[in-house]
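Written below as structure tokens is the structure these notes are about.
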2 protein chains.
Amino acid sequence: MDFEQADALNQAIRLLSLRHRARAAALLAPLGLHPGQEALLLELARTGPAIQSQLSEALGCEPPSVTLMTRKLEAGGHIRRRPAPSDRRASIVELTDSGRALADQVKHLWCALAEETVAGLPAETVAELPGILTTLTGNVDTRRSRRLQGDSAV
Amino acid sequence: MDFEQADALNQAIRLLSLRHRARAAALLAPLGLHPGQEALLLELARTGPAIQSQLSEALGCEPPSVTLMTRKLEAGGHIRRRPAPSDRRASIVELTDSGRALADQVKHLWCALAEETVAGLPAETVAELPGILTTLTGNVDTRRSRRLQGDSAV
DNA sequence: ACAGATCAGTTATGCGCATAACTATTATCC
DNA sequence: GGATAATAGTTATGCGCATAACTGATCTGT
């Protein structure tokens, strides 16, 4: 691949990151959320209570980030933490009623954002887009390869 | 669009952002660069000396970010700043010899990253990917709409 | 020609996410 | 069963990028 094409692709990904995040921030701000927090709420809404290491895995971010996210959402009254009965190291995180209501609002925003994002693209392209993006992500996912290395090393 | 699809898309964009940036960071680290700085070097390599507001526009980030980026790259000896002769407010930013050499290295990394990113995708998909991503970016670009509003208001 | 608006750039501050280093608990293996 | 390794989580710190508020220079309109 020549540099022109490579740069077009890398730059496009970089700009999409910045703009999509900025747009998400603008939409989430009225709910009192910052981007990143919505992912935690949606994950809890999807799978129910979870410990932080599971959230870290699901959200694709590191444990210290989860610590901060949970702390802020807890301060906002949207989630609750309680000790895990079977493991005194772990905390179980779950939605409060307020958090569930907030998650529902986020879902609507999320649909609006997705529709806004793919406006003007043929339906066929839109349909295959998540798969393409997931492939790209997998190709550069040092987290996954790190974990596989760890697994195989055992 | 239902929530499942919307979430798949938004989540895919979010994860791609995190992972692509992380991978870029890993590749750039040996050169002593942090992600974001490479874009400035490449822009200067592409278009020659420019003032910071042009860089801000080209990189899609805000002026304070450019201030910090230029300061760090200047401290590293990769760029140089001199006052613009025709406008005493502006600084002209340009590559040093070291910066030009570094930009060439970055170009190679950039090609490698792009190839790694699109591995396993059909060539046809790869060819239209930059266009698709640019469309997505345009759809959520609050910067552009902000600027257009400003223009039309005059 | 001069007052007011616009523009280039900086400083201060805040958020998200990362890594490194640490504590406390649990699992493993001789 | 007791040393050792692995795991859950936290704190400290640093980077990128954002907004808000500011200074100084340039442009505009009357």
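This is a predicted model, so every value here is computed, not measured. Labels below follow one simple rule: chain letters A, B, ... track the order of the sequence lines, proteins then strands, and each chain is numbered from 1. Computed over heavy atoms, backbone and side chain alike; hydrogens, waters and symmetry mates excluded.
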Spacing of CD belonging to A:E116 relative to CZ belonging to A:R23, to within rounding of 0.5 Å: 4.0 Å
Between C:dG9 (C1') and B:R82 (CZ): distance, integer Å: 17 Å
Presence of donor-acceptor pair under 3.5 Å, side chain of A:R88 and base of C:dT25: no
Phosphate OP1/OP2 of D:dA18: any B:S65 side-chain N/O under 4.0 Å: yes
Given C:dT11, D:dC17, D:dA18, the nucleotide with the shortest approach to the side chain of B:M69: D:dC17
Sugar-phosphate only, base, or nothing, as touched by B:S56 at under 4.0 Å among non-hydrogen atoms: nothing
Interatomic distance, A:E62 CD vs D:dT11 C1' [rounded to whole Å]: 16 Å
Results of side chain to side chain donor-acceptor pair (under 3.5 Å) for A:R71 - residues two or more places apart only: none
With B:H20, the side chain to side chain donor-acceptor pair (under 3.5 Å) member among A:N139, A:D141, A:T137, A:N10: A:N10
A:I51 CD1 to D:dT10 C1', straight-line distance once rounded to whole Å: 15 Å
Sorted by number, the residues of residues 8-36 of chain B with heavy-atom contact under 4.0 Å to DNA chain C: B:R14, B:L18
Cluster check B:L133, A:V140: I/L/V/M/F/W/Y, side chain < 4.5 angstrom: no
Qualifying residues under side chain to side chain contact (heavy atoms under 4.5 Å, CB included), relative to B:E74, sequence neighbours excluded: B:I79, B:R81
Distance in angstrom units between A:D87 CG and D:dA8 C1', rounded: 7 Å
Closest nucleotide among C:dC7, D:dT11, D:dA8 to the A:R89 side chain: D:dA8
Where A:Q11 and B:A39 come nearest, the two heavy atoms and their spacing: OE1-CB, 4.5 Å
Spacing between A:L68 atom CG and C:dC17 atom P, to the nearest angstrom: 10 Å
Donor-acceptor contact present, side-chain A:T96 to main-chain A:R80, <3.5 Å: no
First of B:P64 and A:T70 reached from the 5' end of DNA chain D, by closest nucleotide: A:T70
Under 4.0 angstrom between A:T67 side-chain N/O and D:dT10 OP1 or OP2: yes
Review item, side-chain donor-acceptor pairs of residues 102-111 of chain A, under 3.5 Å, at least two apart:
residue, atom, partner, partner atom, Å
A:H108, ND1, A:D104, O, 3.2
A:W110, NE1, B:D7, OD1, 3.2

Atom-pair distance (CG on A:L55; P on D:dT10), nearest Å: 11 Å
Hydrophobic cluster membership, A:L18 vs A:L16, 4.5 Å side-chain cutoff: no
Minimum-distance nucleotide to A:R81 side chain [options: D:dG9, C:dA8, D:dT10]: D:dT10
Stretch residues 38-50 of chain A: residues that reach within less than 4.0 Å of DNA chain C through a heavy atom: none
Distance below 4.0 Å between A:R71 side-chain N/O and C:dG16 OP1 or OP2: no
Among D:dG16, D:dT19, D:dA8, the one nearest B:K72 by side-chain distance: D:dG16
Listed partners of A:E43 passing side chain to side chain contact (heavy atoms under 4.5 Å, CB included), at least two apart: A:R46, A:T47, A:L55, A:A58, A:L59
A:Q52 side chain near D:dT10 phosphate (N/O to OP1/OP2, under 4.0 Å): yes
Nearest-nucleotide 5' precedence on DNA chain C, A:C61 against B:A90: B:A90
